[in-house]
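The structure appears below as structure tokens.
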Amino acid sequence: MEMTGAEITIRCLQEEGVEFLFGYPGGAVLHIYDALFQQDKVKHILVRHEQAAVHAADGYARSSDKVGVALVTSGPGLTNAVTGIATAYMDSIPMVVISGQVPTYAIGEDAFQEVDAVGITRPCVKHNFLVKDVKDIASTIKKAFYLAKSGRPGPVLVDIPKDVSAHKTEFVYPATVNIRSYHPQGRGDSQQIRQAAQLLLEAKRPMIYAGGGVVLSGAAAQLTDLVRLLGFPCTNTLMGLGGYPANDKQYVGMLGMHGTYEANMSMQHCDVLVAIGARFDDRVIGNVEHFAQVPRKIIHIDIDPSSIAKRVKVDVPIVGDLKLVLDELLSVLRSSRQKPDAGEMSAWWSQIEEWRGIGGGLHYRNSTEIIKPQFVIETLHKLTGGDAFVTSDVGQHQMWAAQYYKFNHPRRWINSGGLGTMGFGLPAAMGVQLKHPGETVACVTGEGSIQMNIQELSTCKQYHLPIKVLSLNNGYLGMVRQWQEFFHGNRFSESYMDALPDFVKVAEAYGHIGIRIDKPCDVEPAIIEALSRKNDLVFMDFRTDPTENVFPMVPGGKGLSEVVLSEDL
Amino acid sequence: MRHIISLLMENEAGALSRVAGLFSARGYNIESLTVAPTEDASLSRMTIVTSGSDAIIEQITKQLNKLVDVVSVMDLSEGEHIERELMLVKLRAEGDARDELKRMTDIFRGRILDVTDHTYTIELTGSRVKLDSFIDAIGRDLILETVRTGASGIGRGNRILSL
């Protein structure tokens, strides 16, 4: 039977098992919205801004192992979506974005709401397509889903001109995909894996450094097995939190710019380093030359060859799917008669414990007068038993959430690590809550970030999403203020947020519950109250200490051991 | 160091801009870039002349391989290869200079494609160095216009870039 391009598009989404389509209608996608109206398998979530549609699809994908899907119209619909697409690209999130385009005959004529979608998104997608013939829609969408989730995942854009969505053809959904130029690696090279195993067994000061790749490839169990089998210390990156349980004694905390002293010192002084699904980025190892001052052997396991040897030299590169590589590495290690040297291990752990003592782990000075932001996160962690899904925006609150909420499971910590997108938290929480109804979803944000997508409170009302918003309101763009204090002589240029709205009234205006919390003693009761309201979105406006800074801190461009531990030093 | 990277990619709209965009986005040099379909019209062959440290060249080849449309990549300068470039050059050819320019063209194994009272248009093929030498030998005063294709390259013997 012949179907329109629009009907085919929706049928393809059904075939892919898409539950939710996050979107916003407009002229170029009217046919697709019409087809959507006439079915009930794919549920459309109407956001209030296209950026939020993409972030919501992103949150949905990060909290599950599925592809997030968004639908936007041409022109401004697409340009609004770009921030969301770039966010997903930087963090390798599987996503398919379908955009409407002006009719093929109008392309290039500067038609109303025309923009070169494929051109604008090219640097921030894994791949993109402009579909010029209705006969190509089904095969293109099939390819888009395959590309989005295979290999190193990422967003894929499918741009469909309006006339193509109106034309008719037979619908055939391809059973398989074959792209002759695309062959993501599965298993790693066995020779390299054996070499890695040997290096690990001979290590005196080993370190396991695991990133977001562990979460994406579903290799958290393998990572845990590896760390425990060897008895080595393990650190997670911001993107990898939950990839290894934070409450485990072999966990040394997050590393990087705001990582623990022990994690950064172990990273700097180890003699054998295994990087697993991580990419040695500037926020993780800081200054590359400083990092290279200590000689160490590096084993780097990653699905993307271009991540290997990009910033640091690698001794044993292993390209492959982490899950398969770690399975093979584990079996090589288990069958080896050799074990890591117990004496060396014990000496190394003593050293790490000493660093732990110097850094004191993570600490802050609590107050009975003014709310410390760290205290809010600690309380949230305590009251949710560490089992909540936590989304965040970007800034100080993000770092405190990463430091003080101890994630024991993957896919619970949802944040924009690579692009650092303010306005990510609330829409991402919508995607998470839709995927996990009945679970606690907390959005940790600040008064700056939340206003970048605050209109989504309306979407939350429409779909009854009982998200708990914890806004750490210090009246400043806190991270900007912190850098201005440290590096710009206390000249707080445009980082003070004047004329803030009454957030309680804002929440109420959108039909939600708002609570303002000014005193430390009210923090716990407020969160208890919020959590008890299973069916309501509760917006908590915590008035926090405006002078609090995030520590430890490795200043930009410095080395991992050049850390500032606290205000007192 | 100068490298000649050769690649095969899907002959599709936008494929060239993916490569060019990659180079500009990541700050890699492009000295020249040539592209045309192969005997299989579904594939394009591209030759890119670039320069950079070994680490940068490694990243360039990895990033090129990562592009979904790219079928295969080869750094020709890693082994034996042949490199050719075509140049069309229009010279001011008047009076006594006409004989001299004709002789010089013969020495460089060029061909005169077009003659007017005042000009010669010459076709010259060879390595970049040879084309540069010709320009130096003629002298810039006589050159009215040059058009160069940029290098195309192919591996020697059994070095074959294919599907």
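Convention: sequence-line order gives letters A, B, ...; per-chain numbering from 1. Quick caveat: nothing in here was measured; it's all calculated off a predicted structure.
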### Message
I'd like to know whether NZ of K102(B) has more than 12 heavy-atom contacts from other residues, nucleotides or ligands below 6.0 angstrom.
### Response
no
#### Entry: Region of S42(B) that comes under 4.5 Å of a non-hydrogen atom in chain A
both
### Query
Can you find a pair of side-chain heavy atoms, one from D69(B) and one from H127(A), that are under 4.5 Å apart?
yes
### Side chains of I179(A) and E10(B) in contact at under 4.5 Å (non-hydrogen atoms)
no
### Query
For K297(A), does the NZ atom have more than 12 heavy-atom neighbours from other residues, nucleotides or ligands under 6.0 Å away?
no
#### Entry: Which portion of L130(A) sits near chain B, non-hydrogen atoms under 4.5 angstrom
neither
### Query
Contact part of N128(A) toward chain B, heavy-atom cut-off under 4.5 Å: side chain, backbone, both or neither?
both
### Query
Within a radius of less than 6.0 Å around CZ of R2(B), do more than 12 heavy atoms belonging to other residues, nucleotides or ligands occur?
yes
### Query
Of all of V71(B), V68(B), L22(B), which one pairs up most often with chain A through heavy atoms under 4.5 Å apart?
V68(B)
#### Entry: Any residue of residues 50-62 of chain B which, by heavy atoms, sits under 4.5 Å from chain A
E58(B), Q59(B), K62(B)
#### Entry: Point-to-point distance, once rounded to the nearest 0.5 Å, from CG of L7(B) to OG of S181(A)
11.5 Å
### Task
Please step through side chain to side chain contact (heavy atoms under 4.5 Å, CB included) for the pair L67(B) and K126(A), ending with a clear verdict.
CA-CA 8 Å; L67(B) 293 175; K126(A) 181 168 173 182; over 6 Å; no
### Message
Within a 6.0 Å radius of atom CZ on R187(A), are there more than 12 heavy atoms belonging to other residues, nucleotides or ligands?
### Response
no
### Message
Counting only heavy atoms from other residues, nucleotides and ligands, does the tally under 6.0 Å from CZ of R180(A) exceed 12?
### Response
yes
### Summary
Interatomic distance, OG@S307(A) vs NZ@K66(B), rounded to 0.5 Å, equals 6.0 Å
### Task
Can you establish whether the number of heavy atoms outside Q293(A) located under 6.0 Å from its atom CD is more than 12?
yes
### Message
Looking only at heavy atoms and a cut-off of under 4.5 Å, which of G14(B), S17(B), S72(B) has the most pairs with chain A?
### Response
S17(B)
### Query
Does atom NZ of K90(B) have more than 12 heavy-atom neighbours, drawn from other residues, nucleotides or ligands, at distances under 6.0 Å?
no
#### Entry: L43(B) atom CG: more than 12 heavy-atom contacts under 6.0 Å
yes
